[in-house]
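Everything below concerns the one structure shown next.
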Amino acid sequence: VRCVKAMVGVTLNEMLTRKFNLSFYCLGVIASLLIFSNAMAGVIQVEQNETVKDIGLLSRVLKDSSSNLTIDDILKPAQFAEFQPSQEETLNFGLGLDESYWLTFSVQNTSANAFRKLLQMSYPLLDDLQVHVYRRSNAGNAWEAPEPINDWQLGDQKPFRERAVQHRSFVIPIDVPAESTVDIYI
């Protein structure tokens, strides 16, 4: 059984000192994190003092039957248009999969101050988990490639000491600049 639980909007201190109700579960192999626009799906507005935000119904999903798509493929407008809004708060893709699934959601900071939140994927037995974080371009209606902020390569085959946050779950920091939106692809 492979399962991902994720939450956005938790500080490191809160993460390490208490348990949380987590945002979404995902059974299956997660290949990478994806970007989406306001027109394609909801944007998660996170305030600096918020601790937990559910993302299941605000994410978009793409089934990659070939398991060959890369983040560069996903960022192309034609491929990105294939994402479907999640209909479930808890995502369940089943067991024994020969395909991969991509997830995407956006986090918006409407405040005048930058902040850092944590994204947690609580199922620690994922072999390969890639998370890509991009700053959305301000190109208006014209499509422009987003600016990469960070890429995380995680999985149970990688040394624990190499994790960004040494926690039993996969936890990564997400830096959200002031008055901007970041797009996350898993």
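In this chain, numbering begins with 1 at the start of the sequence shown.
Partner Arg135 forms a side-chain contact (heavy atoms from CB on, under 4.5 Å) with one of Asp175, Val176, Ile149, Thr181 and no other, that one being Ile149.
Ile71 has its side chain within reach of Trp102: a pair of non-hydrogen atoms, C-beta onward, lies under 4.5 Å apart. Using a 4.5 Å cut-off on side-chain heavy atoms (C-beta onward), Gln166 and Val171 make no contact. In this structure, the side chains of Pro177 and Phe115 stay at 4.5 Å or more apart for every pair of heavy atoms. Residues Ile172 and Val165 are not in side-chain contact: their nearest non-hydrogen atoms beyond the backbone lie 4.5 Å or more apart. In this structure, the side chains of Pro124 and Arg168 stay at 4.5 Å or more apart for every pair of heavy atoms. Residues Glu82 and Leu62 meet the side-chain proximity criterion, which asks for heavy atoms closer than 4.5 Å. Side-chain atoms of Ile44 and Ser106, non-hydrogen and from C-beta on, never get closer than 4.5 Å to each other.
Remark: side-chain polar atoms of Ser59 are not paired, donor with acceptor, to backbone N or O of Leu103 under 3.5 angstrom.
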For this session: Begin from the C-alpha positions of Phe105 and Leu119 and carry the test side chain to side chain contact (heavy atoms under 4.5 Å, CB included) through to its verdict.
Result: CA-CA 12 Å; Phe105 60 94; Leu119 173 66; 3.9 Å; yes

For this session: Start with the C-alpha distance between Gln108 and Val43, add both sets of side-chain angles, then the distance that settles side chain to side chain contact (heavy atoms under 4.5 Å, CB included), and finish with yes or no.
Result: CA-CA 7 Å; Gln108 183 177 37; Val43 173; 3.4 Å; yes

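Separation of atoms NE2 (His132) and OH (Tyr134) is listed at 6.5 Å; rounding is to 0.5 Å. Going from atom NZ of Lys158 over to atom CZ of Phe170 covers 10.0 Å, rounded to the nearest 0.5 Å. In this structure, CD in Glu179 is found 9.0 Å from CG in Asn113, a value given to the nearest 0.5 Å. Here the CZ atom belonging to Arg163 is positioned 7.5 Å from the CG atom belonging to Leu154, to the nearest 0.5 angstrom. Between Gln157 atom CD and Asp127 atom CG the span is 5.5 Å, to the nearest 0.5 Å. Atom NE2 of His167 is separated from atom CG of Leu118 by 9.5 Å, given to the nearest 0.5 angstrom.
No hydrogens or angles considered: nothing links the side chains of Gln153 and Asp151 as a donor-acceptor pair under 3.5 Å. In the model, Ser169 has a side-chain atom that pairs as donor or acceptor with a side-chain atom of Gln120 under 3.5 Å. For the residue pair Ser180 / Arg136, no side-chain donor-acceptor distance below 3.5 Å is found, with atom types taken as modelled. Between the side chains of Asp72 and Thr70, no donor-acceptor pair is found at a separation under 3.5 Å.
Scanning all heavy atoms of the two residues, the minimum distance from Tyr101 to Val61 falls at CD2-CG1, 3.8 Å.
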